[in-house]
Structures are given as structure tokens and as C-alpha cells.
S.K.: 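Take this structure first; my questions come after.
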Amino acid sequence: MPELPEVETVVRGLAPLLVGRKVRKLEVLDPKLDLHPSRLPRNRMIRRVHRHGKEIIIDLSQRGKPQKPLWLCVHLRMTGKLIWTPPPSAPPERHLRARIALDRGDLLFVDARRFGTMRLMSDLAGAFPPGLDPLAPEFTPAALADLLEQSIQAIKPWLLRQDRLIGLGNIYASEILFAAKIPPTRPAGSLTPDEIRRLHRHTRHLLERAIKYCGTTFSDFRDERGRSGRFRRFLKVYGREDDPCRRCGRPVQRLVQQGRSTFCCPACQK
DNA sequence: ATTATATCCTGATCGC
DNA sequence: TGCGATCAGGATATAA
């Protein structure tokens, strides 16, 4: 499940491979994708590859007069992958949904579950959820406190809300709360200043550390060259129901909040 | 404002 | 070996 660290891993891997390349052809293999190849002019050059939350943004804007803004936006959702292959073109891959032929190499959008999205946009206003990026300098304990204020929602599902913070998903939400020693069921607005500081610190710290290890591969995630992330071995609670807590040895508990699994240690998170 | 539920979708897993 | 049921969850939509 690609969350912020996994998306950041893909973006950092793709940027040097894609920037400066020209798009020769866009092939759409999955009609479910709302993508019209005719909207992508031939030989557009890739200017920049970056991230907004969990969205991958490939900037195809043409400078000059008149300016022609254009972005290819990719959200991997559950099982999506953006795979770069060197020339010559690789044999067709299972679950291939779109292929972007470049002047050197191909970019493949592969996605077994077909939840992922790929869109061509000429305007990014309103294209993404409005939450704050937890790696941005604006993400401070005070900013987090402002966001949390008044909310009676349990903190774990609150962390998944992309209109508050962008980029967190089910794995890191549980891990962050364990690291911050906060019970997942606590109402978001009830966190003490000290808990908010811990939540802020561990959110930053965990995401940065996960990026250092190129993300978490629980089952599906692969980077732009098909490699797994290496952060899974550092997970303390996610996917470890009934296994001993790495801090206190008592069994890790799984609960369901808003239809999603939450993992925690009831003894350590009080 | 928040919660629950359904939807999308398919591979993996489980019980029989 | 196979078959159907269930689960996984990011995001959105709708109802309560």
C-alpha cells in the first residue's frame, strides 16, 4: 500500500530517469482509465517529477508563448506501480494498464486491482486533497494542534484523513501512534500538548526513516525498478496481531476502526 | 461533524 | 484439486 514514503521512493527514483525525456507515445490499455492519448501532444518534454501527498505528478508543461500547462498525475492506491524499463521495450507485463513510450525507455503503469488513477490535467487547482504535507516545514506542533482541535474523531482514523494531513495510510498511522505512545481510540481533539509534540515528532521521524529504507513492502509495493522497500523489518505493530510487543512483550492487538485494521499495544499506548 | 456502509477490484488465503 | 467465501485497504459517495 503505497503511502508517503513509498510514493517518495518512486518519485526520487523516477526523477533522474524521466526529467528531460520526451514522450513519444501514450498507450492506454485499460479503458477504465480516464485518459485520452490525444490530449498529450507528441514530444512533450518531462520537466519535473514530484509528489503531492500520495499523488505522483509528472510535469509536462511547455514554457514559452503561449504557456501550455500539462501534468500527468498518478495515484497508485493499493497495488499500482510505475515501472521504468530501459530500451528496448520489455515484453508486455501482466496487469499493464498504460505504457508511456519515451525517447529513451518506457514508463509502465501496472496495477492488479485497478484502483489506481492516471489523469492528464491542464489545471491542478482543486486536483488534490487539501491536507498538510507532514514533511513540509509548515508541519509544526502548533499547526498539528490547530488541525486536531475540536475533532472528536478517534486519532487513528483521523490520521488517515487526507483533508487534514496528506500521505499517511494504514501502516504508518498505526506505527506512528505506537511510537508516540498514544492509544488509537483517543479523540483527536483530546490530545495533550505533550502528546501532540510526540505525535508530530514521530510522524516526521518515522516517515523520514521509512524513506531512508525506500519504503515498506508488505505485499505489493515495488519501486520504479521493481525492487521491494526495506522498512518492513522495522514495523513494530502493523500486521503483528498476537505477536509480542517489541517494547513490553505483551501481545499486539488488532482492532477495527471505520472498517480498517488498527494495530497497537494496549500496554504501551495508554 | 462524524459514523457506518457500499463501491471499486483482484490476488491471496482459508475452510471444506 | 477445486470451489466459494472472506480479506486486504485508498478514496469517494451516500445514508444515517
Side-chain angles (χ1 to χ4, degrees), chain A residues 1-11 28-35 51-57 73-82 93-98 109-119 121 124 126-134 146-177 184-191 207 210 215-222 226 228-229 231-232 235 237-243 252-264:
Chain A
M1 305 131 252
E3 305 179 28
L4 187 154
E6 291 73 38
V7 174
E8 183 67 24
T9 296
V10 172
V11 163
V28 180
L29 298 136
D30 182 356
K32 195 192 157 197
L33 288 177
D34 184 25
L35 251 192
R51 174 185 69 74
H52 182 91
K54 301 175 192 171
E55 196 100 23
I56 298 164
I57 305 171
C73 300
V74 181
H75 197 306
L76 302 174
R77 296 285 177 98
M78 302 295 300
T79 55
K81 306 178 211 347
L82 275 183
E93 205 159 327
R94 199 153 126 86
H95 306 309
L96 183 63
R97 302 184 70 196
F109 182 37
V110 178
D111 182 11
R113 302 248 327 249
R114 300 169 70 207
F115 283 175
T117 59
M118 184 177 251
R119 316 176 275 173
M121 318 278 292
L124 294 185
F128 308 121
L132 178 60
D133 191 305
D146 281 349
L147 290 170
L148 291 165
E149 204 181 1
Q150 304 266 343
S151 174
I152 62 169
Q153 189 169 27
I155 185 62
K156 188 308 191 132
W158 188 94
L159 287 173
L160 300 180
R161 293 180 58 160
Q162 305 295 304
D163 61 339
R164 295 297 186 269
L165 298 178
I166 49 174
L168 297 182
N170 215 35
I171 296 176
Y172 295 108
S174 282
E175 293 297 320
I176 288 165
L177 290 174
T185 49
R186 283 282 301 283
S190 76
L191 268 55
L207 294 176
T216 301
T217 295
F218 200 78
S219 53
D220 295 296
F221 171 69
R222 295 292 185 277
S228 297
F231 195 67
R232 183 176 176 172
L235 298 183
V237 287
Y238 185 84
R240 300 191 63 248
E241 184 180 18
D242 296 333
D243 289 348
V252 168
Q253 192 176 86
R254 184 181 84 97
L255 54 146
V256 175
Q257 294 178 287
Q258 301 199 346
R260 299 286 178 263
S261 290
T262 298
F263 297 89
C264 66

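In what follows, chains are A, B, ... by sequence order, proteins preceding strands, each numbered from 1.
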S.K.: Starting at CZ of A:F218 and ending at C1' of B:dG11, how long is that distance when rounded to a whole Å?
M.R.: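 From A:F218 CZ to B:dG11 C1': 15 Å.
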S.K.: Going by heavy atoms in the side chains, are A:P134 and A:L207 under 4.5 Å from each other?
M.R.: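 A:P134 vs A:L207: side chains touch.
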S.K.: Would you classify A:S151 as touching base, sugar-phosphate or nothing, given that sugar-phosphate means primed atoms plus P, OP1 and OP2, and contacts are heavy atoms under 4.0 Å?
M.R.: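 Touches sugar-phosphate only.
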S.K.: Roughly how far apart are A:D163 CG and A:L132 CG, rounded to 0.5 Å?
M.R.: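 Going from CG on A:D163 over to CG on A:L132, the span is 12.0 Å.
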S.K.: Taking the six-membered ring for Trp, does A:F115 stack with C:dG10 (centroid gap under 5.5 Å, planes within less than 30°)?
M.R.: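 Stack criterion met.
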S.K.: Nearest-nucleotide wise, let me know which of A:A112 and A:G259 is further upstream toward the 5' end of DNA chain B.
M.R.: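 The residue whose closest nucleotide sits nearer the 5' end is A:G259.
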S.K.: When we call it a touch if two heavy atoms are under 4.0 Å apart, what does A:S261 touch: a base, just sugar-phosphate, or nothing?
M.R.: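 Contact class for A:S261: sugar-phosphate only.
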S.K.: For B:dT7 and C:dA5, measure between their P atoms and round to the nearest Å.
M.R.: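 B:dT7 and C:dA5 have their P atoms separated by 16 Å.
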S.K.: With a cut-off of less than 4.0 Å, is there a side-chain N or O of A:H95 near OP1 or OP2 of B:dC9?
M.R.: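 Indeed not, no polar side-chain atom of A:H95 lies that close.
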S.K.: Calculate, to the nearest 0.5 Å, the distance between atoms CG and OG belonging to A:L235 and A:S174 respectively.
M.R.: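 Spacing of CG (A:L235) from OG (A:S174) equals 10.0 Å.
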S.K.: Looking for any heavy atom pair under 4.0 Å, which part of the strands does A:Y238 touch: base, sugar-phosphate only, or nothing?
M.R.: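 Here A:Y238 touches the backbone only, sparing every base.
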S.K.: Please state how far atom CZ in A:R97 lies from atom P in B:dT10, giving the value in whole angstrom units.
M.R.: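 That distance rounds to 9 Å.
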S.K.: Please measure how far the P atom in C:dT6 lies from the corresponding atom in B:dA6, and state the result in whole Å.
M.R.: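 The same atom, P, in both gives a distance of 13 Å.
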S.K.: Looking at side-chain heavy atoms only, is the closest gap between A:Y172 and A:E6 below 4.5 Å?
M.R.: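 Yes, their side chains come closer than 4.5 Å.
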S.K.: A:Q150 has an atom CD; how far is it from atom C1' of B:dA1, in whole Å?
M.R.: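 Going from CD in A:Q150 over to C1' in B:dA1 covers 11 Å.
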S.K.: Do A:Y238 and A:N170 come within less than 4.5 Å of each other through their side chains, counting heavy atoms only?
M.R.: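 With C-beta onward as the side chain, the pair touches.
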S.K.: By the definition side chain to side chain contact (heavy atoms under 4.5 Å, CB included), identify the one residue from A:V237, A:I171, A:L255 that meets it with A:F263.
M.R.: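 Result: among A:V237, A:I171, A:L255, A:V237 is the only option passing the side chain to side chain contact (heavy atoms under 4.5 Å, CB included) with A:F263.
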S.K.: For A:L76, which contact category applies under a 4.0 Å heavy-atom criterion: base, sugar-phosphate, or nothing?
M.R.: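 Answer is nothing: A:L76 stays at 4.0 Å or more from every strand.
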S.K.: Heavy atoms from C-beta onward define the side chain here; which of B:dT2, C:dG10, C:dA8 lies closest to that of A:Q153?
M.R.: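 Of the candidates, B:dT2 comes closest.
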S.K.: Can you tell me how far P of B:dA1 sits from CD1 of A:I152, to the nearest Å?
M.R.: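 Going from A:I152 (CD1) to B:dA1 (P), I get 11 Å.
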S.K.: Among the nucleotides C:dG10, B:dG11, B:dC8, which one has an atom lying closest to any side-chain atom of A:M78?
M.R.: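 Of the options given, the side chain of A:M78 lies nearest C:dG10.
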S.K.: Can you see which heavy atom on A:A154 is nearest to which on A:Q257, and at what distance?
M.R.: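 Of all heavy-atom pairs spanning A:A154 and A:Q257, the closest is CB-NE2, 3.6 Å.
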S.K.: Strictly below 4.0 Å: does A:Q162 bring a side-chain N or O up to OP1 or OP2 of C:dA11?
M.R.: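 Checking C:dA11 against A:Q162, a side-chain N or O does come within under 4.0 Å of OP1 or OP2.
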S.K.: For the pair made of CG in A:L255 and C1' in B:dT3, what is the distance, rounded to whole Å?
M.R.: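 Atom CG in A:L255 sits about 16 Å away from atom C1' in B:dT3.
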S.K.: Once you round it to whole Å, what is the distance between P of B:dT7 and CD of A:Q258?
M.R.: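 Rounded to whole Å, this separation is 18 Å.
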S.K.: Between B:dG11 atom P and A:K81 atom NZ, what is the distance in whole Å?
M.R.: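 From A:K81 NZ to B:dG11 P: 11 Å.
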S.K.: Quick one: is A:R161 getting a side-chain N or O under 4.0 Å of the C:dA11 phosphate, OP1 or OP2?
M.R.: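 For C:dA11, OP1/OP2 do not have a side-chain N/O of A:R161 under 4.0 Å.
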S.K.: Any side-chain heavy atom of A:K81 sitting closer than 4.5 Å to one from A:H95?
M.R.: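 A:K81 does not reach A:H95 side chain to side chain.
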S.K.: Considering heavy-atom distances to DNA chain B, does A:A154 or A:R260 have its closest nucleotide positioned more toward the 5' end?
M.R.: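 Comparing both residues, the 5'-ward one is A:A154.
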S.K.: So which heavy atom on A:G169 is nearest to which on A:K54, and how close?
M.R.: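 Of all heavy-atom pairs spanning A:G169 and A:K54, the closest is CA-NZ, 3.8 Å.
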S.K.: Can a side chain N or O of A:R114 be found less than 4.0 Å away from OP1 or OP2 on C:dG10?
M.R.: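 The answer is no; no side-chain N or O of A:R114 sits under 4.0 Å from OP1 or OP2.
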S.K.: Once you round it to whole Å, what is the distance between P of B:dG11 and CG of A:D220?
M.R.: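 For the pair A:D220 CG and B:dG11 P, the rounded distance is 11 Å.
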S.K.: Are OP1 or OP2 of C:dG10 and a side-chain N or O of A:H75 less than 4.0 angstrom apart?
M.R.: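 A:H75 to C:dG10 OP1/OP2: no side-chain N or O under 4.0 Å.
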S.K.: Taking only Watson-Crick and G-U wobble pairs with both distances under 3.5 Å, what dot-bracket line describes DNA chain C, where [ ] shows pairs that cross earlier ones and | shows pairs with another strand?
M.R.: .|||||||.|||||||
